[in-house]
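Structure record follows, encoded as structure tokens.
The model shown is predicted, which means the values in this text are computed figures rather than measured ones.
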Amino acid sequence: MSTLTKTEIAAQAAQAHEASAASAKKQANYGKTIGKPQLSEKAEEYYKELKKKFSNMDFILVSSDMKDAAKAKAASYANPNKLVVLIDEEKLERMATDENFRKQYESIIQNAGTKLPQLQKKLGSSASMVKGFGMQINEKGLASFFAVVDKSLAAQKKRIEKKAQEKKESAKKDAKKAAKKAEEEKLEEKLTGKGREEDLVTVTASSMEELLRKINDVIYDSMSDYAQTDEEKMVGQHFDSRW
């Protein structure tokens, strides 16, 4: 049995390092991932095209063994600026080779992207209380949606509105004091832990219409100690019949 020389050992170590670096580089090309997904060359090229086609969305590639975990922690991936799309490697592989399957799923993604601005518009000023939106597509080709609502923001909004109403007839000097006090309360809430994870509520739904209702339910519950304005009472009460 031959013994490797130091030169041969060094060469093998260098090859292993290069292989590891190449693997890491390929992994990085996927962008955001959950688990350690591996795509075929064809699927990887298609994934690049998919992300380019829907550049207004935030895609996260999920490995097959992490699909359940990704679903359970969907809220942590919510993006306040873009609709998050959790997509697993198995679907991408099939989308890359099956034209009908690809059209079906791209249509679902596009439809969701079109409806999100409508949902945000219907939320009105309450939209700022939603920390992010996302979607997944299950094995049967059905989309599920999720949103993360910050209850502390909803309650804070009502407190500020109530104080503003109480000071409506006050002099400018008093109004400035009220505004300063509201800011101090806001800072105090941050320092004492308000807005922490327990204030974040994740709602899930099988349609954008259902998601809107559930978001409003959480917001209204958080505002239960305060009277709603006429405008807020109207939020979410009228739905687009085309949904």
Side-chain angles (χ1 to χ4, degrees), residues 14-117 119-120 130-149 197 200-208 210-211 214-215:
Q15 290 177 349
H17 177 74
E18 289 176 2
S20 177
S23 177
K25 183 177 180 182
K26 181 177 181 181
Q27 184 76 18
N29 288 338
Y30 297 155
K32 296 180 181 180
T33 60
I34 299 173
K36 296 182 179 179
Q38 290 293 329
L39 298 176
S40 65
E41 186 175 342
K42 187 169 185 178
E44 184 175 357
E45 287 302 313
Y46 167 70
Y47 189 40
K48 290 178 182 178
E49 294 174 4
L50 183 67
K51 290 193 291 185
K52 185 176 180 180
K53 183 174 183 178
F54 298 103
S55 59
N56 61 325
M57 300 182 187
D58 187 15
F59 283 85
I60 301 179
L61 180 60
V62 184
S63 60
S64 299
D65 61 325
M66 293 294 288
K67 286 190 291 185
D68 291 337
K71 184 177 181 180
K73 296 183 178 181
S76 63
Y77 310 116
N79 186 324
N81 302 311
K82 294 183 176 182
L83 177 69
V84 171
V85 181
L86 299 177
I87 188 166
D88 64 81
E89 56 187 347
E90 292 177 343
K91 288 188 180 67
L92 274 174
E93 291 290 352
R94 186 173 173 185
M95 290 170 78
T97 57
D98 187 330
E99 184 177 357
N100 290 330
F101 188 78
R102 177 170 64 249
K103 287 181 178 179
Q104 176 190 357
Y105 275 72
E106 285 191 6
S107 176
I108 294 172
I109 294 171
Q110 183 174 17
N111 190 40
T114 300
K115 289 179 177 179
L116 179 59
L119 183 149
Q120 292 173 315
V130 182
K131 309 305 292 182
F133 299 90
M135 70 171 290
Q136 286 181 294
I137 304 175
N138 65 23
E139 305 308 320
K140 297 181 179 180
L142 300 175
S144 61
F145 306 92
F146 61 88
V148 182
V149 184
E197 267 189 45
L200 300 180
V201 178
T202 303
V203 293
T204 59
S206 58
S207 70
M208 284 289 191
E210 181 186 5
L211 188 67
K214 288 187 173 182
I215 290 172

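- For the atom pair CZ (F133) and NZ (K82), the distance works out to 15.5 Å, reported to the nearest 0.5 Å.
- The two residues K32 and D58 come nearest to each other via the heavy atoms NZ-OD2, 2.9 Å.
- When all heavy atoms are compared, the tightest approach of A43 to A96 is CA-CB, 3.7 Å.
- Taking 4.5 Å as the limit, every side-chain heavy atom of Y47 sits out of range of all side-chain heavy atoms of M95.
- Under the 4.5 Å side-chain criterion, counting only non-hydrogen atoms from C-beta, V148 is not in contact with V130.
- Of the possible donor and acceptor atoms, one in the side chain of Y30 sits under 3.5 Å from a partner among the backbone N and O of L39.
- Between the CG atom in L61 and the CD atom in E44 there is a gap of 9.5 Å [rounded to 0.5 Å].
- K131 contributes no side-chain N or O that, together with a main-chain N or O of V201, makes up a donor-acceptor pair within less than 3.5 Å.
- Taking 4.0 Å as the cut-off between side-chain N and carboxylate O, E90 and K67 count as a salt-bridged pair.
- Here the closest non-hydrogen pair linking S63 and G35 is OG-CA, 3.5 Å.
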Residue pair V85, I60: steps toward the side chain to side chain contact (heavy atoms under 4.5 Å, CB included) verdict: CA-CA 6 Å; V85 181; I60 301 179; over 6 Å; no
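- Here the shortest heavy-atom pairing between L83 and G113 reads CD2-N, 4.2 Å.
- Expressed to the nearest 0.5 Å, how far CD1 of I87 lies from CG of L50 amounts to 5.5 Å.
- Between D88 atom CG and D65 atom CG the span is 11.0 Å, to the nearest 0.5 Å.
- Comment: K214 engages E210 in a salt bridge, judged by a side-chain N to carboxylate O separation of less than 4.0 angstrom.
- Under the 3.5 Å distance criterion, the side-chain polar atoms of E89 are matched with a main-chain donor or acceptor of Q38.
- Using a cut-off of 4.0 Å between Lys/Arg side-chain N and Asp/Glu carboxylate O, K48 and E45 are scored as salt-bridged.
- Considering CD1 of I215 and CE of M208, their distance stands at 9.0 Å, rounded to 0.5 Å.
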Criterion salt bridge (charged side-chain N to carboxylate O under 4.0 Å, His left out) on K42 and E93, from CA distance to verdict: CA-CA 8 Å; K42 187 169 185 178; E93 291 290 352; over 6 Å; no
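- The two residues F101 and K91 come nearest to each other via the heavy atoms CE2-O, 3.8 Å.
- Under the 30°/60° scheme for interplanar angles, the aromatic rings of F59 and F54 are found to be tilted.
- We find that K103 and E99 are joined by a salt bridge, their nearest charged nitrogen and carboxylate oxygen being less than 4.0 Å apart.
- Of all non-hydrogen atoms in L211 and F145, the two that sit nearest each other are CD2-CB, 3.9 Å.
- No donor-acceptor pair closer than 3.5 Å links the side chain of T33 to the backbone N or O of K36.
- Taking NZ of K53 as the reference point, atom CD1 of I109 lies at 9.0 Å (rounded to 0.5 Å).
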